[in-house]
Amino acid sequence: MALLMLPLTVQSAVPLQTTPSQPVHRGLTSDNNLLPALGDVSSQALSPAAERKLGDRIMRSILRDPDVIDDPLVLEYIASVWTSLLTAARHRGEIGPDLEGMYAWTPFLVRERSVNAFALPGGYIGVHLGLLAMTRTPDELASVLAHEMSHVTQRHIARMISQSKQTSWVGLASMILGVLAASRAPQAAQAMIMGGQGVAIQGQLNFSRDMEREADRVGYGVLTDAGYAPGGMAQMFEQLQQASRLNDDGSYPYLRSHPLTTERIGEARARMGSQAWNAAIAPQADDAQTLLQLRHELMAGRSRVLMDTRSVSLEPLLRPPALPADATPVDRLARQYTAVIAATKLRDKAEVDRTLALARKEAEALPASIQPEARRLLTLAEIDAGIETGRAAQAHATLVQGLGSPASGLQAAGRPEIMLLARSTLNLPDSREEPAALQEVVNALQPHLSNRPDDATGWTYLSSAWLRLNQPLRAVRAEAEASAATGDLQGAIDRVDSARKRFTQPNSAELIELSVLDSRVTRWRQMLRDDSKEDL
């Protein structure tokens with residue numbers, strides 16, 4: 001991307017075959033040799049609190065974009081990689097007390113084929129599905145996220161904003177939204193960017209070359225301290241450079257104002273020392289590494305489906321070319337898992353059943369210690385497919401049975417499981433006559449939402465469950481929270497105002513619910529007033 005997004009690199013129109021995995025810690029190493037940051041951050045005019053407020057404002061605009069998507073499984077995987085890097089950054093001292101509790105430290109997904117990730121003010125990190133789809137290992141993905149995290153920890157965004165004291169948050173938000181739209185509607189995006197003070201901000205990009213090098217340097221330390229392969233960053237740079245050569249159409253050259261130079265690639269190799277040109281730079285494939293690779297390859301395949309759900313793009317994934325003879329069991333499983341997800345999006349029952357059977361057969365070749373995770377992901381795929389192909393009752397039964405069996409690998413507190421429990425229950429043909437099942441949904445969602453109040457999907461499902469349980473006011477509260485979580489503060493307020501007109505004579509329980517709603521409306525109105533201000 002560009003500008004305040006501080007992109008790692010360029011856009012790529014065609015993602016390569018990749019591998020999904022969930023980087024969990026592989027062990028931290030101590031490294032007190034921290035390199036100095038550029039400039040004097042303490043002297044910057046934009047404080048961490050102001051930067052977070054700016055980021056929140058921008059996110060409220062971005063979340064309304066339909067291409068900012070919620071896929072619980074992909075987000076779960078991205079979050080696991082992100083969490084391992086955050087732990088390493090804290091260990092290294094990159095995240096101090098002033099940033100720890102102030103920033104959001106939250107990744108989100110963008111339905112976009114281009115290969116990119118970007119940082120926003122306040123610690124929000126956008127990840128394109130195209131990036132996950134083209135990365136081959138968890139180390140490559142982690143290298144991108146570590147780079148973007150370092151833009152945040154080194155406060156590069158605050159420095160850039162501080163160069164232009166006259167820039168309003170509205171102008172910055174317009175610029176960023178324009179960049180998000182660039183690959184989908186280039187002409188419209190150009191107008192948005194120009195209207196968003198793109199020319200003025202372009203001048204600030206002259207300062208970014210050193211920032212990019214610093215993000216590489218600090219990010220490399222975070223990457224390796226988190227236990228990822230040192231070669232991940234160099235390999236990713238080389239892949240991105242090749243993708244740029246093959247797919248860059250020359251549009252919006254300033255969006256690629258942070259080019260991957262030979263110098264940057266050389267520096268990434270040089271940091272690896274004597275192993276710089278050793279082809280065997282990845283960790284040995286033990287069971288722990290195989291598990292990470294399994295998660296990465298399956299989520300990369302899932303991303304390949306989700307980033308373009310047109311039938312013309314999905315049908316080739318059902319019967320892809322044969323893999324080479326030396327393909328690993330993980331590669332073979334990932335190929336069939338991708339086909340299952342594609343068949344689900346096409347709502348093709350026969351193909352779902354065929355590819356799911358092939359996937360389960362491939363999973364049998366995995367090491368025994370890896371099979372529970374494979375069973376979990378395949379069972380969740382089966383449940384999702386059941387809901388999408390009109391077999392919600394069967395899907396619900398499979399989920400309930402799996403949650404009661406440790407052998408299934410399902411996690412009762414996992415967000416993917418909770419969301420599927422809600423979806424399958426709400427899609428039951430006779431769900432209105434199943435109060436016990438609906439109450440189970442409520443019981444699962446309420447503690448989840450107390451920990452994740454920003455989960456718009458969860459609030460939406462809770463609203464539907466309360467409505468079917470004949471609790472209309474609670475349903476309104478959940479619906480309003482869902483609107484607020486997606487940035488539609490006025491919509492949330494309007495829903496509450498409408499409810500007040502309906503419940504003119506509330507009972508004692510409704511009075512409590514209305515008092516909670518009054519408190520939330522007060523907060524949302526204050527946020528709207530803050531958003532109407534032009535200053536930072």
Side-chain angles (χ1 to χ4, degrees), residues 49 52-65 68-76 78-80 82-83 86 100-109 120-126 411-423 426 439-467 469 471-497 499 509 512-531:
R52 171 63 188 274
K53 184 176 289 188
L54 172 60
D56 290 346
R57 289 171 169 179
I58 292 172
M59 281 302 297
R60 282 195 284 277
S61 295
I62 288 177
L63 287 172
R64 300 174 201 175
D65 190 321
V68 174
I69 68 167
D70 176 11
D71 183 81
L73 275 172
V74 176
L75 281 171
E76 178 185 70
I78 294 291
S80 71
W82 182 248
T83 299
L86 279 176
E100 174 68 52
M102 187 60 66
Y103 284 1
W105 305 115
T106 301
F108 62 95
L109 287 175
L120 293 175
Y124 294 100
I125 305 294
Q411 304 166 10
R415 183 169 182 264
E417 283 86 346
I418 292 173
M419 297 301 110
L420 280 177
L421 177 65
R423 282 180 58 208
L426 293 170
Q439 190 60 51
E440 279 189 41
V441 171
V442 169
N443 293 343
L445 283 171
Q446 285 186 316
H448 168 75
L449 290 168
S450 68
N451 294 321
R452 287 282 307 276
D454 60 339
D455 189 341
T457 303
W459 283 114
T460 299
Y461 289 151
L462 183 60
S463 176
S464 296
W466 279 133
L467 193 61
L469 286 168
Q471 296 285 340
L473 188 54
R474 288 179 173 179
V476 168
R477 156 72 191 294
E479 185 182 15
E481 293 285 2
S483 294
T486 55
D488 184 9
L489 298 177
Q490 188 58 58
I493 293 169
D494 290 345
R495 283 166 173 77
V496 176
D497 288 345
I512 294 174
E513 199 68 35
L514 286 169
S515 67
V516 172
L517 284 171
D518 285 344
S519 175
R520 298 298 288 149
V521 166
T522 299
R523 171 61 179 153
W524 295 332
R525 290 190 191 281
Q526 182 59 53
M527 292 165 70
L528 278 178
R529 285 193 292 271
D530 290 344
D531 285 358

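Because the structure is a prediction, the values reported are computed rather than measured. Sequence positions, counted from 1, serve as the residue numbers for this chain.
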| What pairs with M527 under side-chain contact (heavy atoms from CB on, under 4.5 Å), at least two apart in sequence or on another chain? | R60, L489, R523, W524
| note | Those residues at least two apart in sequence (or on a different chain) that pass salt bridge (Lys or Arg N to Asp or Glu O under 4.0 Å) with R452 are D454
| Nearest heavy-atom neighbours spanning P416 and L73 | CG-CD2, 3.8 Å
| request: Look up atom CG in L426 and atom CG in L467, then write down how far apart they are to the nearest 0.5 Å. | output: 10.5 Å
| field | side-chain hydrogen bond (donor to acceptor under 3.5 Å, both in side chains) partners of S463, counting only residues at least two apart | value | none
Show the atom names and distances, to 0.1 Å, of all donor-acceptor pairs under 3.5 Å that link a side chain in residues 440-447 to residues at least two apart or in another chain.
residue	atom	partner	partner atom	Å
N443	OD1	Q439	NE2	3.1
N443	ND2	Q439	O	3.3

| query | Ignoring hydrogens and geometry, is there a side-chain-to-backbone donor-acceptor pair from W105 to T83 under 3.5 Å? | reply | no
Would you mind writing out the side-chain donor-acceptor pairs for residues 471-478 within the sub-3.5 Å range, not counting sequence neighbours?
residue	atom	partner	partner atom	Å
R477	NE	E481	OE2	3.0
R477	NH2	E481	OE2	3.3

| Residues in side-chain contact (heavy atoms from CB on, under 4.5 Å) with L63, at least two apart? | M59, V68
| query | What residues, two or more places apart in sequence or in another chain, satisfy side-chain hydrogen bond (donor to acceptor under 3.5 Å, both in side chains) together with Y124? | reply | D56
| query | Side-chain contact, heavy-atom cut-off 4.5 Å: V521 with R525? | reply | yes
| remark: Taking every heavy atom of I418 against every heavy atom of A412, the minimum-distance pair comes out as CG1-O, 3.7 Å
| request: Can you sort out the partners of E513 under side-chain hydrogen bond (donor to acceptor under 3.5 Å, both in side chains), two or more places apart, ordered by chain and number? | output: none
| field | Q411 backbone acceptor or donor facing E417 side chain under 3.5 Å | value | yes
| Under 3.5 Å donor-acceptor, S519 side chain and S515 backbone | no
| Got I125 and I78 here, is their nearest side-chain heavy-atom distance under 4.5 Å? | no
| Shortest non-hydrogen contact from S483 toward A492 | CB-N, 3.8 Å
| request: Could you walk me through whether L517 and L514 pass the side-chain contact (heavy atoms from CB on, under 4.5 Å) test, one step at a time? | output: CA-CA 5 Å; L517 284 171; L514 286 169; 4.3 Å; yes
| field | side-chain contact (heavy atoms from CB on, under 4.5 Å) partners for T457, two or more places apart | value | D70, R415, M419, D455, Y461
| remark: Sequence neighbours excluded, the answer for side-chain contact (heavy atoms from CB on, under 4.5 Å) partners of A49 is S47, M102
| query | What pairs with S464 under side-chain hydrogen bond (donor to acceptor under 3.5 Å, both in side chains), at least two apart in sequence or on another chain? | reply | none
| note | Tightest non-hydrogen contact, residues A485 and P453, listed as CB-O, 4.5 Å
